[in-house]
Amino acid sequence: GCGNDSPASADPAGTAVPALDPANPVTVKVINTSTAFNVALAKDYGFFRKYGLDIQESQLANGTQVLAALQGGSGEIGYADLYAGINAKAQGFDIKLVANNNTNAEEFPILVKADGPIKSPADLAGRSIALPPVPQHTVNLRGFLKSNGVDPNAVKYTIVQSQSAAPQALAGGSVDAFFGQWIQAYSNEGQPGAYDFRVLGDPDSSKWSNLKATTAAFWVTGDWLKDPKNQAVAYAFDKALHASYVWFKTLKPEQLQPILLRYQKTDLQKITGNDPKKVHNLLTNTQTGPFDFDATQSWYQLGLEYAPDKIQKGVDLRQLVYGSALQPAPELIQPPENPS
Amino acid sequence: MPDTIVTGTEAREAERKPPASGIRPVGRARRNARRYFRSRVSGWTLVALVVVLWELYSNVDYDPTISSPSRIAETWWGEATTGDLLNQLTITLRTMAEALALAVPLGVGIGFLMGRSQVIWGLLEPLVEILRLTPATAILPIYILFLGLGDQMKVAVFLTGGIFPMIINSYAGARGVSKILSETAQTFRLSWLQTQREIALPFAMPYILVGMRQSLGMSLVLAVVIGMLAGNDGIGYYLMFAQQNFNLRQLLAGVLTVAFVGYVFNAVFLLLERRVTRWRRSQTGAA
Amino acid sequence: MPDTIVTGTEAREAERKPPASGIRPVGRARRNARRYFRSRVSGWTLVALVVVLWELYSNVDYDPTISSPSRIAETWWGEATTGDLLNQLTITLRTMAEALALAVPLGVGIGFLMGRSQVIWGLLEPLVEILRLTPATAILPIYILFLGLGDQMKVAVFLTGGIFPMIINSYAGARGVSKILSETAQTFRLSWLQTQREIALPFAMPYILVGMRQSLGMSLVLAVVIGMLAGNDGIGYYLMFAQQNFNLRQLLAGVLTVAFVGYVFNAVFLLLERRVTRWRRSQTGAA
Amino acid sequence: MTSTTEAQAAALTGGVHQEIITVEGAGKDYLALDGNVVRGLSPVDLTIERGAFVSLVGRSGCGKSTFLRLVAGLEKPTSGTIRIGTERVDGPPDSARYVFQNYNESLLPWRTVGDNIRFGLRHGHGAARASSKAQENELIQEHLEEVGLGGTFNRYPGELSGGMQQRVAIARALAALPELLLLDEPFSAVDALSRSTLQDLILRIWQEHGLTVLFVTHDIEEALYLSQRVIVLREKGGGVERDVTVDIPYPRRQVDFREDPRYLRLRREVLGLVLGTE
Amino acid sequence: MTSTTEAQAAALTGGVHQEIITVEGAGKDYLALDGNVVRGLSPVDLTIERGAFVSLVGRSGCGKSTFLRLVAGLEKPTSGTIRIGTERVDGPPDSARYVFQNYNESLLPWRTVGDNIRFGLRHGHGAARASSKAQENELIQEHLEEVGLGGTFNRYPGELSGGMQQRVAIARALAALPELLLLDEPFSAVDALSRSTLQDLILRIWQEHGLTVLFVTHDIEEALYLSQRVIVLREKGGGVERDVTVDIPYPRRQVDFREDPRYLRLRREVLGLVLGTE
Ligand SMILES: Nc1ncnc2c1ncn2[C@@H]1O[C@H](COP(=O)(O)OP(=O)(O)OP(=O)(O)O)[C@@H](O)[C@H]1O
Ligand SMILES: Nc1ncnc2c1ncn2[C@@H]1O[C@H](COP(=O)(O)OP(=O)(O)OP(=O)(O)O)[C@@H](O)[C@H]1O
Ligand SMILES: [Mg+2]
Ligand SMILES: [Mg+2]
């Protein structure tokens with residue numbers, strides 16, 4: 001790669017960029033997608049302030065809208081899928097990835113009716129599966145099918161944008177399975193007053209994807225980055241965010257319980273019974289270390305292979321990533337503040 | 001030479017008798033309101049029936065998506081007292097009020113002027129129709145690009161979504177002014193402005209009010225939709241949150257709250273409408 | 001004893017002269033259409049102006065979010081000829097036609113009956129108003145549960161979203177029947193059904209048509225929104241796809257196609273409306 | 001002009017008193033929008049025999065239209081009762097047709113003149129009068145020609161002159177061939193010649209079909225020329241002032257009648273009552 | 001009744017011929033919705049002097065209203081021109097007010113009777129007639145009393161009888177004090193007594209303020225009693241049949257006038273023209 005246009009990308013440690021002054025925090029407008037609480041958490045526990053940032057968060061329904069909002073200047077840093085970023089870049093938007101955030105989850109639940117006719121992945125041939133429209137779900141679903149020995153082309157895909165409507169589509173019988181989230185799986189597995197679903201096949205995503213690849217991240221516009229002060233903000237943002245994740249991953253289920261209740265109105269105990277495996281599946285796909293070019297490139301390739309109509313070709317990842325996202329994982333620190 | 005005016009007991013007596021077609025006692029807001037609600041009793045009974053059947057059904061075959069009325073009521077009570085529901089509702093209503101404060105004069109104004117001036121009609125019709133037929137939610141990114149994420153954007157989406165019933169109805173009303181009233185205005189040499197104020201506007205008022213009531217409803221629905229797509233507060237955000245967390249009971253409690261608030265607004269508006277178009281009672285044969 | 005009827009050249013001459021207020025030549029669809037489009041020329045000029053300014057601006061400061069008219073046109077042409085746009089549009093229009101085939105009789109029927117019968121009004125008003133004020137998109141899961149993901153669900157969402165302008169306008173029209181026409185019906189002893197068919201329906205027709213035109217627009221917008229939320233084909237799906245791919249040019253090409261199709265429908269409908277309410281021309285002072 | 005029918009003769013001579021309209025203390029107070037009660041008509045006692053031709057005269061606002069509306073069942077009396085035949089009026093009676101004072105608003109503006117008459121034919125009293133569409137059209141054309149509107153079949157009411165509209169309303173009511181015809185100033189907008197033609201038309205139809213006619217007019221000479229009884233109402237809804245019998249036999253002729261000394265005496269009497277010089 | 005003003009005298013005696021209305025070959029063909037052309041009025045040549053009182057009579061549908069509408073600028077002539085003073089009519093002239101034949105539809109139904117008169121006052125010809133609201137209300141009350149509607153200030157037009165509505169329309173036009181008053185059968189719905197009161201009211205206002213009045217009526221006696229000229233129109237838009245000068249001086253008195261031999265001669269002449277017996 002030739003990162004000439006982004007000088008800082010040659011500076012993974014960010015030594016050329018001065019740290020911000022926590023006593024005089026810089027106000028930054030961050031746009032998140034709905035219901036993600038990562039930014040709020042890091043803010044409330046003082047991670048951002050420690051690195052000199054005062055975050056004002058707002059939320060939009062999807063990554064496309066977030067990137068449009070960055071372009072219009074109503075936000076400075078925004079959260080979107082890697083594929084959304086790639087598509088935006090390919091369409092001529094000048095954007096940069098400033099902090100990698102997610103990898104694929106280790107496991108993905110494909111849900112079917114517990115008492116339904118589908119007992120194994122092989123039964124999915126010729127059936128229809130509901131999934132959200134975001135390209136990464138198509139890629140993962142096809143990956144899952146292939147690694148479970150089903151021909152991805154033998155399955156009918158049904159798009160349901162509204163995530164919460166997928167269980168109804170399955171319960172009402174208009175689809176035979178759906179590509180869901182663990183929270184849907186756990187809350188409909190033998191819970192009273194819930195649908196009776198179960199998880200199908202082997203959900204291990206390392207079978208088809210590289211778990212070091214970045215699948216979603218925080219982005220800024222090239223224009224914004226031209227200001228040296230903003231470059232410092234980018235570095236600080238990545239550090240603070242990753243520091244909050246380093247701490248978060250150390251939390252025990254009983255410590256997580258009040259946090260999830262507060263931010264997601266989710267009763268972790270009730271849904272998972274504090275089963276560590278379930279807790280893990282619900283919460284850990286955040287990254288703390290530097291952006292991995294090779295792994296992410298392979299994820300990009302996988303996308304081009306599985307969803308060629310949804311993902312644009314020819315974007316150079318090295319031109320997409322800013323140096324702040326290349327910083328090493330921070331040390332564990334305890335939260336500087338406690339919101340309660 | 002005054003006409004025979006009967007007052008006192010005789011008048012009261014006349015009122016007690018069933019009023020003749022088209023003529024009703026007026027000015028007694030209380031009695032009005034009573035009759036008003038009385039006549040809908042059957043409808044509310046129907047609604048109650050639906051609720052009871054739903055409750056019974058959910059005892060036999062519970063479905064988490066539609067939950068049951070009692071559980072929804074319970075959730076609602078919790079959300080209203082200790083939760084965030086009423087706060088978020090207030091926020092939404094504030095935005096809605098802002099949007100309507102802009103949309104009403106604009107919508108009524110544009111529609112009315114289009115109906116009263118062939119030139120303005122010709123000039124604006126294509127633009128208005130194209131905007132009316134452009135789904136605001138589809139081009140939300142463009143709104144966000146230009147107007148950001150704040151109230152401005154929300155108000156703009158309201159406008160492009162909720163203003164059209166007012167435009168179309170005001171237009172229809174303004175165009176419908178009877179020939180002879182127009183001619184009366186002409187022969188009394190009313191200026192253009194006077195004609196609008198004294199003839200066309202009162203004439204179009206019943207239409208305009210119908211449009212406003214429709215816009216009121218649509219803007220409430222839009223408030224929810226926008227909130228779900230791009231909100232950081234308000235009832236739409238609340239609902240989206242419930243949806244994302246798969247808390248359908250909370251979702252239904254929220255939706256029903258919205259519908260009920262809308263219903264009350266609508267009822268108040270209808271009472272106002274009756275006052276404003278009081279004179280029509282001797283003109284229309286409406287029962 | 002016929003009135004003086006002038007025919008032949010004299011008649012043609014009289015037509016060439018500017019017609020007097022309210023009275024116009026009729027029955028010549030071609031000339032009608034010409035005048036019809038002529039009068040909107042100014043508006044289309046305005047639209048053209050907006051497009052030209054946009055093009056010029058995008059040459060100076062290109063913004064990929066709003067793209068430029070020429071690029072959008074290029075994309076549109078590509079999509080229309082080799083792409084999927086027109087296919088998807090056809091699918092959407094088919095669903096829409098199905099929905100309207102149901103919604104028109106239902107909406108007009110309910111609104112009209114509510115306007116003509118106090119009992120039906122009382123019975124249905126609460127239910128209708130509550131449904132009107134319930135955002136269909138918020139309770140989409142419930143629709144999907146009961147109706148699945150197919151056309152049935154889409155039609156139902158259309159219904160609950162697009163039927164209300166027809167109900168409200170038909171209601172207003174039906175209630176507005178003038179007292180003396182009602183009395184005429186009564187003294188000629190028309191049965192309830194005859195009164196509706198021969199008096200109330202023709203009277204309410206202008207209102208009903210306004211409502212239908214609004215519903216037409218709304219159902220188009222809804223078709224897009226539903227397609228975006230839960231669709232596997234149709235223009236809404238196409239647009240969602242474009243949005244996901246960040247192909248805003250494709251998105252805009254799609255949205256503008258929808259708006260244009262809607263505009264044409266609307267214009268055709270307006271022509272029909274003019275025919276049906278031809279008699280009104282000697283009644284209203286509309287220019 | 002042919003002679004009167006039996007029923008009419010009976011009504012006149014007092015032979016078989018068969019009441020068609022019985023009014024017992026019926027009066028009407030309106031409740032106006034400003035909250036006041038307005039006297040429309042003081043309680044009235046009255047009977048009208050089947051087959052009679054009765055006129056109502058009185059000053060503007062004295063309650064003539066109110067009386068007609070009460071009989072037509074369009075307004076509920078605030079006191080008393082009205083019976084048509086033996087049935088209490090509680091809605092428009094089957095046998096009556098009404099030509100409204102505001103005739104222009106009572107025509108169906110969306111129907112052509114011909115179709116307005118068709119409306120009268122189809123909603124007539126008794127059996128259908130035409131068995132085929134062609135026959136119906138012929139009948140309509142006849143009715144139009146009777147009121148001097150032969151060439152207007154395909155015109156819309158809004159395209160006619162005031163007097164022409166009024167005649168359409170009359171023709172429509174006649175097409176319905178009612179037993180009881182209520183006419184509220186039906187000739188107010190037509191010229192002198194049309195007026196006398198229409199007067200004789202009404203008389204002819206009255207006699208041919210034995211209808212009962214209640215006729216409101218401001219033209220006292222017209223009232224006397226047409227009717228067997230002229231009821232004079234008191235100002236401002238004051239009720240019946242005088243019930244004048246016009247004891248002049250039919251057929252009456254426009255010119256001769258106006259020279260009849262009985263007519264001249266009655267004319268002076270009624271004029272005096274209305275003008276208040278008595 | 002006072003004597004005529006100077007202008008009126010001049011108009012009568014032929015002293016200073018100052019035309020207010022000049023009609024040159026003006027005619028009107030309507031294009032009906034069924035596609036046919038209907039003759040409203042054949043081309044007419046006519047002048048009317050300032051201050052004149054001119055009546056138009058003729059059979060129903062002969063074009064009286066059409067003529068008034070042409071003069072009022074509500075209808076464009078299909079041939080010829082009309083001038084008011086020296087200006088060509090191309091829209092309603094500032095100086096004219098019109099009482100429509102369908103008076104009931106021309107009142108503003110959403111305003112009370114008083115406010116309908118206020119409408120006339122506020123949109124009058126010339127300077128405002130009231131300087132304060134109180135004075136205005138007084139003036140309105142006076143106007144109402146003049147037409148016998150003293151107690152109806154707060155009622156709505158829809159709550160009045162037909163004749164009462166008609167009188168509101170007259171009072172509204174008079175309140176505007178126009179130079180040119182166009183009256184289309186303004187007394188068709190009122191009783192004999194009201195009619196003669198209103199006739200004398202119009203005559204008084206005509207004389208006091210020197211207006212020009214164009215008056216359409218079907219009552220030939222009324223036309224003769226009121227006017228200096230009676231223009232008889234030919235049937236079915238046939239144009240002017242005869243222009244009759246009523247050479248009887250004002251003041252005229254209701255009873256005496258009707259015994260004047262000149263009146264009786266003219267009456268016979270005009271009746272003959274209208275009834276077609278000449
Ligand atoms: N808007 C119109 N469209 C078509 N024809 C019309 C229109 N208005 C009037 N006419 C025709 O013009 C002719 C003259 O009408 P006008 O109203 O002038 O008659 P009029 O003398 O006032 O009659 P009346 O005494 O009945 O009021 C009639 O044949 C009428 O049908
Ligand atoms: N709907 C109404 N509301 C209130 N008052 C009314 C209503 N209709 C009539 N009146 C009043 O009742 C009285 C009688 O009215 P009505 O119409 O019977 O008079 P009329 O004898 O027909 O007069 P005209 O000769 O002027 O038509 C009038 O004072 C009128 O104002
Ligand atoms: Mg009357
Ligand atoms: Mg006329």
Side-chain angles (χ1 to χ4, degrees), chain B residues 22 39-44 46-47 63 65-66 118-119 122-127 129-130 132-135 137-139 141-142 145 164-165 168-169 172 175-179 181-183 206 210 213-214 217 220-221 224-225 228 239 248 251 255 258-259 262-263 266 282-287, chain C residues 22 39-44 46-47 65-66 118-119 122-127 129-130 132-135 137-139 141-142 145 164-165 168-169 172 175-179 181-183 206 210 213-214 217 220-221 224-225 228 239 243 248 251 255 258-259 262-263 266 282-287:
Chain B
S39 54
R40 278 161 171 151
V41 167
S42 62
W44 281 111
L46 194 69
V47 171
D63 188 304
T65 302
I66 58 166
Q118 190 71 19
V119 174
L123 200 66
L124 293 184
E125 201 262 4
L127 215 60
E129 287 296 319
I130 287 177
R132 176 164 85 87
L133 297 160
T134 302
T137 48
I139 55 165
I142 295 176
L145 177 71
F164 297 104
I168 292 199
N169 279 287
R175 258 192 100 78
V177 174
S178 81
K179 191 180 166 195
L181 283 178
S182 291
E183 290 178 348
V210 168
R213 223 149 44 73
Q214 261 173 279
L220 200 67
V221 169
V224 172
V225 174
M228 291 180 77
L239 291 178
L248 289 166
L251 181 71
V255 165
V258 171
Y263 187 80
N266 191 60
S282 60
Q283 309 282 313
T284 60
Chain C
S39 53
R40 279 161 170 153
V41 167
S42 62
W44 282 110
L46 194 70
V47 171
T65 310
I66 59 164
Q118 190 72 18
V119 174
L123 200 65
L124 293 185
E125 201 263 4
L127 216 59
E129 287 297 318
I130 286 177
R132 176 164 84 89
L133 296 160
T134 302
T137 49
I139 54 166
I142 296 177
L145 177 69
F164 297 105
I168 292 198
N169 277 288
R175 258 192 99 77
V177 174
S178 81
K179 190 179 167 195
L181 282 179
S182 292
E183 291 178 348
V210 168
R213 224 148 44 71
Q214 260 173 278
L220 200 66
V221 169
V224 172
V225 174
M228 290 180 78
L239 292 178
Q243 226 188 40
L248 292 168
L251 181 71
V255 166
V258 171
Y263 187 81
N266 192 59
S282 60
Q283 308 283 315
T284 62

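Order of the sequence lines sets the chain letters (A, B, ...), proteins ahead of strands, with each chain counted from 1.
- When heavy atoms are compared at a cutoff of 4.5 Å, B/I130 approaches chain C by way of both its backbone and its side chain.
- Nearest heavy atoms, B/I168 versus C/R213: CG2-NH2, 4.2 Å.
- B/V210 is listed as a side-chain neighbour of C/N169, based on a closest heavy-atom distance under 4.5 Å.
- The side-chain contact (heavy atoms from CB on, under 4.5 Å) test applied to C/L123 returns B/S42, B/L46, not counting sequence neighbours.
- Highest contact tally toward chain B, considering only C/I142, C/L220, C/L181, is held by C/I142 [criterion: heavy-atom pairs under 4.5 Å].
- Contact record, B/V221 with C/R132: CG2-O, 3.8 Å, taken as the closest heavy-atom pair.
- Taking chain C as the reference chain and counting heavy-atom pairs below 4.5 Å, the highest number among B/A259, B/G262, B/P126 is found for B/P126.
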